[in-house]
Amino acid sequence: MSTIPFNQPFAVGKEFEYIRQAIKNVHTCGDGPFTKKCHTLLEQTLGVSKALLTTSCTHALEMTALLLNLQPGDEVIFPSFTFVSTVNAFVLRGVYPVFCDIRPDTLNLDENKLEQLITPRTKVIVPVHYAGIGCEMDAIMELAGKYGIAVVEDNAHGLFGKYKGKYLGTIGCLATQSFHETKNFNCGEGGALLINDPQYIERAEVIREKGTNRSRFYRGQVDKYTWVDVGSSYLPSDMLAAYLYAQLEVQEQIQAKRQEIWEYYHKNIQDWAEKHGIRFPIVPDHCEQAYHMFYLLMPSLEKRQALIAHLKAQNIISAFHYLPLHLSEMGQKFGGKEGDCPVTEDVSDRLVRLPFYNDLTEADLARVVAAICEFD
Ligand SMILES: *Cc1c(COP(=O)(O)O)cnc(C)c1O
């Protein structure tokens, strides 16, 4: 029996044609014609002031830490239930990470536990829209406003998802996207910085272009370009932008496919899940999810491990994540200890993610569902 992987990179069709075009354009470095097409598409669809492609979501997050002038000793609040990069990009600047627990329903940063973590040193809150389902942004923005704290949305999972009618990634002053192979839209490795507060645009262009004012130079706004600030090389090749553009331009088709997969799982596993006390993802009525993943919350760690092994025996690969960051080797160096984030610790033991990628066929899906429904 063939293996159904957990994830598989996909191409929708025009990627190769566009990469060939990028080579023909004789502009393969960053900020070429395809990068501009991606920027315009993201800006127009989402309605953000500025979108800038980056080499990864990790790098876009690093850019936000530079843009917000974070200094050693500043505190930033993160959910403990997230990918390493959400936090590491800030720790790189000497930031002290403060971990907040998650809500038991959406597994997003628990806004009710946020205020008690705020100190005079708190500079940023980084909500992560887990599984592409929006955090309670109204409450988070209100608290941030009250204390004068910036909000950076890690929207790696949530492109084109919405919270109360607003696109995710358009609410905080800055937001980041990922186009890694495992995300809804991909170019292998890639990301984007979304800028909602226009005061950051000019400096973001400089930081992304090695600390130079090259972007202004190309627009004819200065007559030579030079070193003006700190920065790095955060812009992807136009060949990668070409690959990405082929996917972004058919975003509706891709999202519709992912919605079908999510709904297939939801519908066909429901009876089994109810019978076994297994919980599905919860999407609040005021959120339109981005269909990034489908997970199950099993009754225990033992059951979770047994289900993963049961599926593996039938060549179906499922996966778990995230190990609570406050209990990781690095997290413990920052004082993290067991019991700090009880919901995160519990969910991390019980969550399992089912195969989810754009090319999953109906036959694959039927096989996964049949295998799951056999499990007791
Ligand atoms: C994938 C992911 C990242 C990192 O994305 P890269 O593009 O691989 O750097 C950051 N945060 C979250 C929540 C992610 O899922």
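All ligand and atom numbering here is 1-based and tracks the order in the structure.
No more than 12 heavy-atom neighbours from other residues, nucleotides or ligands sit within 6.0 angstrom of CD on E362. A 6.0 Å sphere centred on CZ of F16 holds no more than 12 heavy atoms belonging to other residues, nucleotides or ligands.
Residue contact check: K183 has heavy atoms under 4.0 Å from atoms 1 (C), 2 (C), 14 (C), 15 (O) of ligand 1. Near A156, meaning under 4.0 Å from any of its heavy atoms, are these atoms of ligand 1: 2 (C), 11 (N), 12 (C), 13 (C), 14 (C), 15 (O). The atoms of ligand 1 that sit less than 4.0 Å from any heavy atom of V128 are 13 (C). Those atoms of ligand 1 with a heavy atom of T86 less than 4.0 angstrom away are 11 (N). Of all atoms in ligand 1, listed by their number and element, those nearer than 4.0 Å to a heavy atom of D154 are 10 (C), 11 (N), 12 (C), 13 (C).
Comment: R208 engages D31 in a salt bridge, judged by a side-chain N to carboxylate O separation of less than 4.0 angstrom. The pair K275-D271 does not count as a salt bridge, with every side-chain nitrogen at least 4.0 angstrom from each carboxylate oxygen.
Of the polar atoms of H180, none of the N or O atoms is found under 3.5 Å from an N or O of ligand 1, judged by distance alone. For ligand 1, one of its N or O atoms has an N or O atom of H157 under 3.5 Å away.
Closest protein heavy atom to atom 3 (C) of ligand 1: F83 CD2, 3.6 Å.
With sequence neighbours excluded, no residue forms a salt bridge (Lys or Arg N to Asp or Glu O under 4.0 Å) with R279.
By the criterion of a heavy-atom distance under 4.0 Å, both the backbone and the side chain of C57 are placed next to ligand 1. In T58, the parts holding a heavy atom less than 4.0 Å from any atom of ligand 1 are both the side chain and the backbone. Only the side chain of T82 comes within 4.0 Å of ligand 1, counting heavy atoms alone; its backbone N, CA, C and O stay farther away.
Between the side chain of N186 and the backbone N or O of F179 there is no donor-acceptor pair closer than 3.5 Å.
At least one heavy atom of Y322 lies less than 4.0 angstrom from ligand 1. Heavy atoms of H59 come nearer than 4.0 angstrom to ligand 1 in no pair at all. Residue-ligand proximity: G190 is placed with a non-hydrogen atom under 4.0 Å from ligand 1.
Linking ILVMFWY residues whenever their side-chain heavy atoms come closer than 4.5 Å, directly or via other members, leaves L248 and L52 in distinct clusters.
For residues 211-235, the salt bridge (charged side-chain N to carboxylate O under 4.0 Å, His left out) pairs, not counting sequence neighbours, are E202-R216, R203-D229, E205-R219, E209-R214.
Compare G188, G132, S178 by their heavy atoms: the one nearest to atom 7 (O) of ligand 1 is in S178.
Ring centroid separation for the pair F294 and Y265 comes in under the 6.0 Å cut-off. Aromatic ring centres of Y130 and H321: separated by under 6.0 Å.
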